Number of protein chains: 2
Amino acid sequence: MPDITDMTTQLRTTDDPLPSIGPARVVDETVAALRQAILSGDLRPGQKLSVPALALRLGISRSPVREAVLALTAEGLAVESRRRGVVVTELGPKETDAIHEARGPLEGFATRLAAERGPVDLGERLDAILAEQAEAVAAGDEDGYFRTNAAFHRAIAAACDNAEIHRLLLSLEGRMALALRQVAARPGHRESGLEEHRKVVAAIKARDGSGAETAMRAHLAATRQRVVSTLHPDDRMTVGSTSAM
Amino acid sequence: MPDITDMTTQLRTTDDPLPSIGPARVVDETVAALRQAILSGDLRPGQKLSVPALALRLGISRSPVREAVLALTAEGLAVESRRRGVVVTELGPKETDAIHEARGPLEGFATRLAAERGPVDLGERLDAILAEQAEAVAAGDEDGYFRTNAAFHRAIAAACDNAEIHRLLLSLEGRMALALRQVAARPGHRESGLEEHRKVVAAIKARDGSGAETAMRAHLAATRQRVVSTLHPDDRMTVGSTSAM
DNA sequence: TATCTACATTTTACATGTAGATTTGCAAGC
DNA sequence: GCTTGCAAATCTACATGTAAAATGTAGATA
C-alpha cells in the first residue's frame, strides 16, 4: 500500500471563503487539502499522489481527486509522467534558483506599478502587515514570519492593478513556497527581510516607482542569496527532473 | 442544442511534442483540438464549452473532455463559473493591455539572459526564423508572420536557460495569441515588427544583454502601442473592468 | 547470486450512471 | 409587449465500472 501520510484533516470543514456563494465543491476542498499537505510537508517531494489511495483516505470518489491532482499539476506543485501517475514536485537547486531569478523582474515591476498607481491606502495596509511581521520577528516566530511575508508580497501583487501580473505571481507563489521549505533558516534572515520590506514600503509611500522597484529587487536578490547560500555546496537533492520531464 | 462550430478537425493532429513516447492520450488530443479551435476562432470568446456536447461531437466520452476543458481553464484560455460551466475567455481592452504590460519585463529579462548565456548557435537559429519571417512579410502573409513571430519569441524564451521564466512565458502565450486575434492588423505592422526583431537579434549576437533587453522591451512596447491603438476608444466587451487606468 | 519470466495486483485512462442545480421553452398574467 | 411562473430539458459534479498498462513479486533458469 502506498505511504500516504496521515491526512487526518477532515474534508468536511465547511469553510467557504469563495468569491461566489453556493455549496463548496469537493474538488475545491480536495485541492486545498492537498496543497496544504504539500506545502506543509505532509506530502513530500517525489511522493506519489495515488488517486485511488487518496480517494479512499478522504472518503470521496476518484473523480474529484483526479481533478484536484491535475489542478495541482497545473499549479506546478506536482508533475505528471505519462501513464505513471503524478508525484509531488521535486525542486533541485537549479529549479529553486530559477524561481528566484524569475521572480525578480516580475515582482520588481509589480512593485513599481503598485507604487505608481496602487490604492491610496496601500502604504497603511503594508504597514499593518509589517507591524505584525515585526512581532513575529521579535518573537522568533518563523511560521509567523512566513505568513506575513506571503501576505506582504501578495498585497503588492494585488495592488499593481494588472490582473495578468497578479496571476503570474500567484502561479509562482506555490513553487516558491515549496522551494523555501527546503532551505534552512539563516540566523538573522528574518531581521534582514523585515528591514528590506520596510525600505520597499517607504518607496511605495513616496510613490517612487523606480525606487520601489529597486528596493524590491534588492530584497529579492538578497533573499535569493540567502537561499542559494544554504543549498550551495554539494547539495543532496540532484536535479532529478531531467529524466522524468 | 448548443452551437458548437464544425470541429471537423480530426483528433489526429499530433502536434504534441511530448517528452515521453507512447500512445497519445485522448485528453491530450482533445486539449490540442480545443486550443486550436479557440485560437483559430472556431470557438469564439464567450462561447460555452459544453462537456456533453463536445464529447458527442468528438465521439468520445465526457471524462477526457472534462479534463481537457479544465486544462484549458488552467491555461487561461477558458474561464469557469461555479455550477455554470466553462466559457472561452473574453479579453477586453483592459485585459489585453495588461497582458502586454506583463510581457514587457518578463520577456525583456528573458532576452537579456538569452543574450548573456544562451546557446552559441542562438543567433543563427534566430536568423533562420527571421529569414522565414522576411519571406512572409514580403509576401504579405499575415499567418506566416504570426507563426514565425511565435517561433521567434518561443526560441528566446527557451534559450534563457531558466525553466521558470520559460513556463511563465508559455502561460502568457495562449492568452497573448487570443488577444492578438482581436485586433485588426495595422498597415506596416509586419515590417516594423521584423525590423525590431532584427535589432534584438543583433544585440543577442553581440552578447549584449542590456542592449538585448532594451531592444526587446522596445519591440514589445511598440507592439503594445500598435495593439492599443486598434482597440482604443471603447470596444464592445468591457467585462470585469473595475476601474480606470 | 543474478537475471528472466509468469502471474497477481494496482493504477491509469476512459466510459458510463445519476442527483440536484441551472437553463430553457412556453404559456398565462399584467 | 413584457414579465412571470412553472415544467421540461440540459448540464455540472460526483460516483462507479472496466480494459489495458504498469508495477510488484515469486519462481524458474543460468
Side-chain angles (χ1 to χ4, degrees), chain A residues 1-4 7 10-14 16 18-34 43 46-74 78-88 243-245, chain B residues 1-4 7 10-12 14 16 18-34 43 46-74 78-88:
Chain A
M1 185 179 297
D3 173 35
I4 303 297
M7 299 285 291
Q10 283 289 6
L11 272 187
R12 303 248 57 96
T13 46
T14 325
D16 191 19
L18 284 169
S20 169
I21 56 169
R25 295 184 310 175
V26 176
V27 186
D28 298 326
E29 296 177 347
T30 306
V31 169
L34 289 178
L43 290 170
Q47 194 163 345
K48 192 153 183 264
L49 294 174
S50 161
V51 171
L54 287 170
L56 198 68
R57 179 75 58 177
L58 297 171
I60 58 182
S61 80
R62 298 177 328 245
S63 302
V65 174
R66 173 169 247 256
E67 270 185 39
V69 165
L70 291 179
L72 290 171
T73 300
V79 291
E80 194 180 6
S81 53
R82 309 224 351 159
R83 287 256 173 206
R84 285 203 280 168
V86 173
V87 300
V88 178
S243 58
M245 290 183 71
Chain B
M1 185 175 297
D3 172 36
I4 303 298
M7 299 286 291
Q10 284 289 6
L11 275 185
R12 301 241 49 95
T14 324
D16 209 357
L18 283 171
S20 170
I21 57 169
R25 295 183 309 175
V26 177
V27 186
D28 298 325
E29 296 176 348
T30 307
V31 169
L34 290 177
L43 290 170
Q47 193 163 346
K48 193 153 180 257
L49 294 174
S50 161
V51 171
L54 287 170
L56 199 67
R57 182 73 60 178
L58 296 171
I60 57 181
S61 79
R62 298 177 330 246
S63 302
V65 175
R66 172 168 249 254
E67 270 185 38
V69 165
L70 292 179
L72 290 171
T73 300
V79 291
E80 193 180 6
S81 54
R82 305 203 14 138
R83 285 260 173 201
R84 285 203 281 170
V86 173
V87 299
V88 177

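Bear in mind that the values here come from a model prediction, so they are computed numbers and not experimental data. Order of the sequence lines fixes the chain letters, A, B, ..., with proteins taken first and strands second; residue numbering starts at 1 for each chain.
Residue side chain B/S63 reaches the base of C/dA15 through a donor-acceptor N/O pair under 3.5 Å, judged by distance alone.
Applying the side chain to side chain contact (heavy atoms under 4.5 Å, CB included) test between A/L49 and each of A/V79, A/L54, A/V87 identifies A/L54 as the sole match.
When rounded to the nearest whole Å, the span between CG of A/D28 and P of D/dT12 equals 16 Å. Residue A/R57 contributes atom CZ, which lies 13 Å from atom P of C/dT11 at whole-angstrom precision. Protein atom CD of A/E80 is 10 Å distant from nucleotide atom C1' of C/dT12, rounded to whole Å. Atoms CZ (B/R66) and P (C/dG17) sit 17 Å apart, rounded to a whole Å. Across the protein-nucleic acid pair, B/E67 atom CD and D/dA13 atom C1' stand 14 Å apart, rounded to whole Å. Taking atom CG of residue A/L56 and atom P of nucleotide C/dT10, one finds them 12 Å apart after rounding to whole Å. Per the geometry, CG belonging to A/L49 stands 13 Å off P belonging to C/dT11, to the nearest Å.
Using a 4.0 Å cut-off between a side-chain N of Lys or Arg and a carboxylate O of Asp or Glu, B/E80 and A/R25 qualify as a salt bridge.
Taking 4.0 angstrom as the limit, B/R83 places none of its side-chain polar atoms (N or O) nearer than this to OP1 or OP2 of D/dA13. Side-chain nitrogen and oxygen atoms of A/S61 include at least one within less than 4.0 Å of the OP1 or OP2 phosphate oxygen of D/dA15. Note on A/K48: a side-chain N or O is less than 4.0 Å away from OP1 or OP2 of C/dT12.
Closest heavy-atom contact between A/V51 and A/V65: O-CG1, 3.8 Å.
For B/V27, the listed nucleotide lying nearest its side chain is C/dC14; candidates were D/dC14, C/dT11, C/dC14. In the set D/dC14, C/dT12, D/dT12, D/dT12 carries the atom at the smallest distance from any side-chain atom of B/P52.
Between A/R62 and B/R84, the residue anchored nearer the 5' end of DNA chain D, judged by the nucleotide with its closest heavy atom, is B/R84.
Using a 4.5 Å cut-off on side-chain heavy atoms (C-beta onward), B/K48 and B/V86 make no contact.
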